[in-house]
Amino acid sequence: METVKFDELQLDDRILRAVTDMGFEAASPIQAQAIPVQMEGRDVVGQAQTGTGKTAAFGIPLLQKIDPRSKKLQAIALCPTRELAIQVADEIRKLAKYMHGIKVLPIYGGQDIVRQIRGLKEGTQIVIGTPGRVMDHMRRKTIRCEHIHTVIMDEADEMLNMGFLEDMETILSQLPEERQTVMFSATMPMEIQNIARRFQKEPVTVKVVKKELTVPKVTQYYYEVKPKTKVEVMCRLLDMYAPRLSIAFCNTKRQVDELVQELQGRGYFAEGLHGDLKQMQRDRVMNSFRNGTTEILVATDVAARGIDVDNVEAVFNYDIPQDDEYYVHRIGRTGRAGKDGIAFSFVVGKEVYKLRDIQRYCKTKIIPQAIPSLDDITTIKAEKIMEQVMELIRETDLTKMVNLIERTVLTEEECTSLDVAAALLKLSMGEENEDIIDSGRPARSLDDLDRYGRDGGGRGRRDGRSSRDGRGSRYGRDSRYDREDRDDMARLFVNIGKSQNIRPGDVLGAVAGETGISGKLVGSIDMYDNYTFVEVPREYADAVLRAMKDVKIKGKNVHVEKANTRGR
């Protein structure tokens, strides 16, 4: 299909200016097909997946029709999740940046309905909402349908999967008959086809062919593993590639919870996202992931719908997806905004045949890889540190540092410059990695793990040593004075740390074991040489203090108290 530029689509100059600000010049295939048809006023069935630009495909023609002089509700877009509703509302606002007087309001469950009612009464032309909350407002008469001329169903198949079929039918049946109905869906099951037949008038079908759904910026690997070794392989890959943000996909909510608990127990900053979480928990998890406090988001496919974070560097298919299209959705979470991304898939037994089906569907190559040994990881860590060193030498004036070393180390201590470099490398890598180097016996299989300890050098995420850069504590020694307060969490001080050979897992085990609360409820554990900070839910803080009063960790008496967070 030939490239279509936005300035060829006869758009309002204000929309065209906003599109230019957003950095887009050429329309995506679904936009090039859907925008002209929708601008003609025709009903549309668009078959397109996440990441194809479908929000702009229906958002641009919608804005062309909105009358900013009227404060009446003129359009409704239905979305399966609150995350997607928020994302769609944000993008339409960006497109309407220069169209003064247009108000877009997302409405969804879990948010104060009084605030939503106030927003509707103040005059909103476009509502982006989840079906349940839209129906609630329709019953309350806070959403009035008389002036609605456009309704959009985004990801209709997902609304079907989440049990919203009757809600969708109820909403559509109560809207004015003279309207434009636009539906986007990745798949077209029979129920969705029935909705199109019942509620649309001679719709035009536009679709993106499958070959346009691949993600060329994403390098894709797979590893043949056993179920019990998945966690260990994932930890090794995290340590080897050190992604700043990553998403791990599981097929079930139970697996999400189990993987999060395993990762947290090994010292990684991981949180889970699935349908059983309350809205407040979902908000906390997503905010934590967006600001980088949580480095690994573990999610189910449905829960991850609508997540739009540009800086995701890696995706883990912890479970192979049941649907080929889900694979495309998953790996599309990385390699965004022109950046490179990487995807890892874990294959158990006959799942390798399923992966071949996925490769044929995506018309892509998923490269088989050997499981990295601990020796491989250690070597790569050393190489990365040396790369950083050489870059520093090339780009930075190190004269002051050279003089300092010559004056205080080489002269007074009679050391060579090679001794100093070796010592600094050891400090950066940690003693556990040096043991592997010195042994001369690389851990070539998972059976070798006990020789070096289960952590394999991957403990850095909670113990104050970043596997990425070795700079010490994740937040810095005075982090308790520069982090934002979290109303739902209390920060506790524990009077032991790394110098006493204590690890984050020891602290986590003591808190969970003595109090009976789930380890996944424990927040960040910031470990320093002689003390540790640990976050627990505020409602359990006093119980934790009581339970930890006479506890020993690795035979050492500990004192626990609430951390002083005042006087910032």
Side-chain angles (χ1 to χ4, degrees), residues 1-12 14-66 74-80 84-97 99 102 104 106 126-128 149-159 179-188 192 195-196 200 203-215 305-306 308 325 328-329 332 336-337:
M1 183 178 179
E2 66 181 42
T3 300
V4 177
K5 294 187 175 182
F6 282 106
D7 58 12
E8 299 172 0
L9 293 174
Q10 299 179 337
L11 303 183
D12 185 298
R14 295 167 296 178
I15 296 176
L16 194 59
R17 185 180 170 193
V19 168
T20 303
D21 283 358
M22 294 167 73
F24 302 118
E25 182 180 8
S28 70
I30 193 65
Q31 292 164 357
Q33 294 180 63
I35 289 175
V37 176
Q38 196 175 331
M39 286 173 61
E40 291 174 2
R42 303 283 300 276
D43 285 0
V44 175
V45 174
Q47 193 167 350
Q49 283 79 7
T50 298
T52 55
K54 57 186 173 56
T55 304
F58 62 73
I60 288 174
L62 173 62
L63 288 171
Q64 296 256 140
K65 290 178 63 178
I66 297 297
Q74 300 170 46
I76 289 181
L78 299 177
C79 300
L84 185 58
I86 293 170
Q87 178 186 331
V88 169
D90 285 344
E91 184 147 354
I92 292 180
R93 286 194 192 105
K94 290 177 184 176
L95 292 168
K97 178 179 178 181
M99 303 180 74
I102 292 181
V104 183
I126 305 172
V127 159
I128 316 292
H149 55 62
T150 306
V151 60
I152 295 161
M153 290 170 284
D154 191 14
E155 300 200 359
D157 54 346
E158 283 305 312
M159 287 193 278
R179 66 168 191 270
Q180 184 177 24
T181 304
V182 178
M183 180 167 67
F184 278 84
S185 187
T187 59
M188 294 300 294
I192 297 302
I195 285 182
Q200 291 187 301
V204 177
T205 299
V206 296
K207 63 191 299 185
V208 172
V209 296
K210 292 180 177 180
K211 67 180 180 181
E212 294 172 324
L213 294 177
T214 55
V215 187
R305 287 288 179 131
D308 189 21
E325 290 179 349
V328 178
H329 298 163
R336 292 189 167 195

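What you are looking at is a predicted structure, and each value in this text was computed from that prediction instead of being measured. Residue numbers start at 1 and run along the sequence shown.
Across Met188 and Gln47, no two heavy atoms sit closer than the pair CG-OE1, 3.6 Å. Closest non-hydrogen pair, Phe184 versus Ala34, comes out as CZ-CB, 4.2 Å. When every heavy atom of Cys79 is checked against every heavy atom of Val88, the shortest pair comes out as SG-CG2, 4.1 Å. Across all non-hydrogen atoms, the minimal contact from Val45 to Ala196 is CG2-CB, 4.3 Å. Closest heavy-atom contact between Ala156 and Ile192: O-CD1, 3.5 Å. Nearest heavy atom pair, residue Leu9 against residue Ala27, reads CD1-CB, 4.4 Å.
Side-chain contact between Met153 and Val182 is absent, with no heavy-atom pair separated by less than 4.5 Å. Contact annotation: the side chain of Asp12 never approaches that of Leu63 to less than 4.5 Å [non-hydrogen atoms, C-beta and beyond].
The backbone N or O of Gln38 sits less than 3.5 Å from a side-chain atom of Gln180, completing a donor-acceptor pair. Counting only distance, with no hydrogens or angles, the side chain of Gln200 and the backbone of Thr181 share a donor-acceptor pair below 3.5 Å.
Taking CD from Glu155 and NZ from Lys54, the interatomic distance works out to 4.0 Å, rounded to the nearest 0.5 Å. How far CG of Leu62 is from CD1 of Ile128: 7.0 Å, rounded to the nearest 0.5 Å. One finds the CZ atom of Arg93 at 10.0 Å from the CD1 atom of Ile126 (value rounded to the nearest 0.5 Å). Residue Asp90 holds its CG atom at 11.0 Å from CG of Leu95, rounded to the nearest 0.5 Å. The structure places CD1 of Ile15 at 11.5 Å from OG1 of Thr20, a figure rounded to the nearest 0.5 Å. In this structure, NZ in Lys207 is found 10.0 Å from CD in Gln33, a value given to the nearest 0.5 Å.
Within 6.0 Å of the CD atom in Gln10, the count of heavy atoms belonging to other residues, nucleotides or ligands does not exceed 12. Other residues, nucleotides and ligands contribute at most 12 non-hydrogen atoms within 6.0 Å of the NZ atom of Lys94.
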